[in-house]
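Working notes, beginning with the structure itself.
By convention here, the first residue in the shown sequence is residue 1.
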Amino acid sequence: IEPLSGSLGFIRLPAPGFGIYHNHRLVVPYQYQVNSAPDSYTLRDRKDEILLSNGLQPQKFKDLDGKFRINAGTADFVVGLHSFSEDKVVVFNRNSIHIIQGTNSLATASRSLITEEVGCVARNSIVQVGNNIMFLSDNGVYGVSFQDLYNLRGNDVPLSESIDGTIQQINKDYWSKSVAVYFDNKYYLAVPVGE
């Protein structure tokens, strides 16, 4: 990878803990600033910001385009990302869910809120099944789904309502490590229980 300019206009690859590939772009949380010294990173004050790289150039990030602050001014932070449909990135925060659309042109891309009533606790619990995305939240397994061609909507009650007793046994100190898969028409969720 070629070194990037540290001047105004570009951001060095931000040393993310995870990322997704979406629409020929790399989408990553922007929590760390890469310093000029080798293997040197600084934790930024913001945990609610994401970056989208230039199209077809996943190692290049512009400072002015492709940077989105999600839920600015709250104690929310990015937990996971999911590439959905042709031009939509779903951003799962700890206490809310957002969507970024129009990523073909970062200068005109927009961010909108899906819900502030539920968030995601475990990045690896996010699974898409058809037009539904399921994930683990504070109150169990929830989902968001397409109501029509353009609108994502959150479900009102947890999908796991019938097994709430089991959900309450999840060890909240480690539930961020939960992992889910979809197989044979079922959503399987591995969670830590007990102490």
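- When the ring pair (Phe, Tyr, Trp, His ring centres under 6.0 Å) test is applied to Phe92, the partners found at least two apart in sequence or on another chain are Phe135.
- Other residues sharing the hydrophobic cluster of Ile170, ordered by chain and number and joined by side-chain separations under 4.5 Å: Val121, Val127, Val129, Met134, Leu136, Val141, Leu159, Ile163, Ile167, Trp175, Tyr182, Tyr187, Leu189, Val191, Val193.
- Partners of His82 under the side-chain hydrogen bond (donor to acceptor under 3.5 Å, both in side chains) rule, at least two apart in sequence or in another chain, are Gln128.
- Residues Asn93 and Asp48 have side chains that never bring a donor and an acceptor to within less than 3.5 angstrom of each other.
- His22 and Thr103 share a donor-acceptor pair across their side chains, judged by distance under 3.5 Å alone.
- By the criterion of side-chain heavy atoms lying less than 4.5 angstrom apart, applied directly or through intervening Ile, Leu, Val, Met, Phe, Trp or Tyr residues, Tyr142 is grouped together with Ile97 in one hydrophobic cluster.
- Heavy-atom minimum distance, Asn124 versus Ser178: CB-O, 3.6 Å.
- Residue Asp173 places its CG atom among more than 12 non-hydrogen atoms of other residues, nucleotides or ligands, all under 6.0 Å distant.
- For Arg25 (side chain) and Asn104 (main-chain N/O), a donor-acceptor pair under 3.5 Å exists by modelled atom type.
- By the 6.0 Å contact criterion, CG on Asp184 is enclosed, its count of non-hydrogen atoms from other residues, nucleotides or ligands being greater than 12.
- Cation-pi geometry between Arg46 and Tyr30 is not met: the NZ or CZ atom fails to fall both under 6.0 Å from the ring centre and inside 45° of the normal.
- Under the side-chain hydrogen bond (donor to acceptor under 3.5 Å, both in side chains) criterion, Asp164 pairs with Gln168, sequence neighbours left out.
- Within 6.0 Å of the OH atom in Tyr21, the count of heavy atoms belonging to other residues, nucleotides or ligands exceeds 12.
- Between the side chains of Asn131 and Ser145, no donor-acceptor pair is found at a separation under 3.5 Å.
- With sequence neighbours excluded, no residue forms a side-chain hydrogen bond (donor to acceptor under 3.5 Å, both in side chains) with Ser110.
- The shortest distance between side-chain heavy atoms of Ile100 and Ser112 does not fall below 4.5 Å.
- When hydrophobic clusters are built by joining Ile, Leu, Val, Met, Phe, Trp and Tyr residues whose side-chain heavy atoms come closer than 4.5 Å, directly or via intermediates, Val78 is grouped together with Val89.
- Every salt bridge (Lys or Arg N to Asp or Glu O under 4.0 Å) that Asp138 has, sequence neighbours left out, goes to Arg94.
- Residues Ile20 and Phe68 are members of one and the same hydrophobic cluster, defined by side-chain heavy-atom contacts under 4.5 angstrom among Ile, Leu, Val, Met, Phe, Trp and Tyr.
- Residues Ser137 and Gly119 share a closest heavy-atom pair of CB-O, 3.0 Å.
- At a threshold of 4.5 Å between side-chain heavy atoms, the hydrophobic network of Ile, Leu, Val, Met, Phe, Trp and Tyr places Ile126 and Val144 in one connected group.
- Closest of all the heavy-atom pairs between Gln33 and Arg44 is N-CG, 3.8 Å.
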